[in-house]
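Read through the structure below, which is laid out as structure tokens, and then see the notes.
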Amino acid sequence: MSSCFLKVQNLRKSYGGLVHVLDGMNFQMEPKERIVVIGPSGSGKSTLLRCIMGLEKIDDGRIEFEGARYIEAQANRRKDNLVDTAVRAKIGMVFQHYTLFPHLTVLGNLVLSPIRARGESRASATERAMQLLKRLGLDNRANAYPGMLSGGQKQRVAIARALLLDPKIMLFDEVTSALDPELVAEVEGLMLELAEQKMSMMIVTHDMWFAKRIATRVIFCADGHIVEDAPPAKIFSDPAEPRTADFLKKVLHVDTVS
Amino acid sequence: MNGYTWDSSVVFSSLPQLMSGLAVTLQLTGICAVIGLVGGFLVCLMAMSRILPLRWIAVIFIELFRCTPALVQIIWIFYCVPFFFGIFMDPFTMAVLALGMNITAFNAEAYRAAIQAIPSSHYDACTALGLSSLKRTIYVILPQAVLLAIPVLLTNTIGLLQQTALVAIVAISDLMYQGKSLATQTYRPIEIYSTVAFIYFILSLPLSQVVGFCEKRLRARLA
Ligand SMILES: Nc1ncnc2c1ncn2[C@@H]1O[C@H](COP(=O)(O)OP(=O)(O)O)[C@@H](O)[C@H]1O
Ligand SMILES: [Mg+2]
């Protein structure tokens with residue numbers, strides 16, 4: 001059995017045991033793929049990313065990463081089901097609402113985890129953080145507090161904070177949904193830059209034009225299942241499943257993305 | 001004013017005695033403020049702990065002090081603690097105990113509200129960043145909670161300064177007590193009590209300005 005980059009097997013998750021938000025999900029991902037997850041609101045897209053990040057306790061199934069056991073459902077474990085916490089350190093996640101820590105400066109947010117969780121020296125972490133900020137054109141905001149930044153800047157800082165930990169894969173959960181329309185481009189632009197650098201990504205977004213541009217693969221979820229899994233050119237112009245076509249028609253108000 | 005003539009000389013001649021009372025008031029306020037800042041945080045941690053008995057003790061403590069008048073608390077501690085528990089302390093210590101526990105209860109609530117105001121997504125972000133729960137508490141939750149709680153903590157401390165006046169009733173020679181005895185000695189209650197009120201006001205005013213300033217700064221920072 002060849003080991004693959006990310007493998008999700010029979011993933012089940014419910015809140016309170018009633019409705020299965022994820023009802024036996026299966027998929028595999030290769031390095032450098034950029035999977036965009038689309039689907040109606042409440043279809044479990046966030047839950048899927050949160051499970052992969054290790055933020056949720058799953059009911060059943062397993063997740064492997066780079067061939068290593070990472071998360072497995074275990075009936076007798078109370079809190080989480082991480083087999084190997086070290087694997088989690090290879091995964092980065094950015095959330096819809098920035099989640100920058102308001103008591104720390106931009107630089108403080110960036111170096112917090114490298115220093116406190118990874119034991120990197122302050123000097124080295126600061127140097128790496130400043131280089132990264134410079135690359136993103138944010139070095140002049142290094143000493144600003146998050147409250148002084150625009151939404152687009154906040155989200156780019158949040159992405160930088162995750163990148164500074166050298167993740168093997170980045171998870172993005174609707175990172176532009178809270179932004180004013182004119183600020184979306186700078187965040188999507190940064191994600192496209194990461195795509196050029198061959199970063200592996202899983203992206204949840206409602207922006208179908210962006211999805212078409214960045215995805216190497218699109219997964220359409222509904223009712224806790226993967227309904228369709230296809231390259232963007234295929235799924236947006238000629239969806240195989242009627243449900244996919246239906247959904248796309250609703251969100252786009254047109255028949256296909258041109 | 002009903003034939004009553006204001007006599008400023010009474011004010012000046014009373015000042016030394018009022019100042020000695022003020023010293024007691026400030027001492028009481030200072031000691032209890034420190035007790036409240038530290039104790040409040042500890043009680044808050046207890047009230048949010050996973051160990052049930054600890055939580056119960058903290059919640060009962062908080063509610064007892066929040067749901068009875070401070071004046072009753074002071075009198076009760078003065079008369080009933082020696083009676084029930086056979087504990088005898090000097091009056092100043094008793095006053096520190098009563099006022100200190102009172103502000104501890106209110107500050108615990110301030111800290112708790114602040115911790116609960118931190119969005120749960122920050123806990124997720126910490127996990128995603130690989131911070132352990134201890135490090136999360138120290139570097140992310142605590143500093144934010146203290147920042148968020150500062151305006152309420154300061155407001156509680158101003159309240160404490162005013163409340164110290166209540167200990168005059170159990171014969172602690174604070175500002176209010178000295179004012180009361182001067183008023184009876186000199187038969188000049190109008191001048192004396194006006195001066196006393198003015199002193200409390202002058203002490204509290206800058207503090208309440210600081211609260212406003214802090215709130216503005218915080219709102220800008222935590223936006
Ligand atoms: N913490 C939670 N507790 C209970 N129900 C939840 C919780 N989080 C999500 N849900 C429910 O799970 C379903 C899927 O949620 P989510 O994964 O956020 O969907 P999506 O991101 O696709 O909109 C929704 O019906 C939502 O109400
Ligand atoms: Mg979602």
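We name chains A, B, ... by the order of the sequence lines, and we start the count at 1 in each one.
At a 4.5 Å heavy-atom cutoff, A:Leu149 makes no contact with chain B through either its backbone or its side chain. Heavy atoms closer than 4.5 Å to chain B are found in the side chain of A:Arg50, but not in its backbone. The contact between A:Leu100 and chain B is made entirely by backbone atoms, counting heavy-atom distances below 4.5 Å.
The nearest pair of heavy atoms linking B:Cys126 to A:Phe101 is SG-CZ, 3.7 Å. In terms of heavy-atom proximity, B:Ala128 sits nearest to A:Met93 at CB-CB, 4.4 Å. Contact detail for B:Leu131 and A:Arg116: the closest heavy-atom pair is CD2-CB, 4.1 Å. Among all heavy-atom pairs drawn from A:His103 and B:Tyr139, the shortest one is NE2-O, 2.8 Å.
Around atom CZ of B:Phe78, more than 12 heavy atoms belonging to other residues, nucleotides or ligands sit under 6.0 Å away. Remark: B:Ile169 CD1 is loosely packed, at most 12 non-hydrogen atoms of other residues, nucleotides or ligands lying under 6.0 Å away. Taking a 6.0 Å sphere around CZ of B:Phe201, one finds it holds 12 or fewer heavy atoms contributed by other residues, nucleotides or ligands.
Annotation: side chain of B:Asp124 is not in contact with side chain of A:Thr99 (no heavy-atom distance under 4.5 Å). In this structure, B:Pro119 and A:His97 have side chains that are not in contact, with every pair of non-hydrogen atoms separated by 4.5 Å or more. Side-chain contact between A:Leu104 and B:Val140 is absent, with no heavy-atom pair separated by less than 4.5 Å.
Here the side chain of B:Thr127 pairs no donor or acceptor atom with the backbone of A:Leu55 at under 3.5 angstrom. In this structure, the side chain of B:Lys135 does not engage the main chain of A:Ala117 through any donor-acceptor pair within 3.5 Å.
Atom OG of B:Ser121 sits about 11.5 Å away from atom OH of A:Tyr98, to the nearest 0.5 Å.
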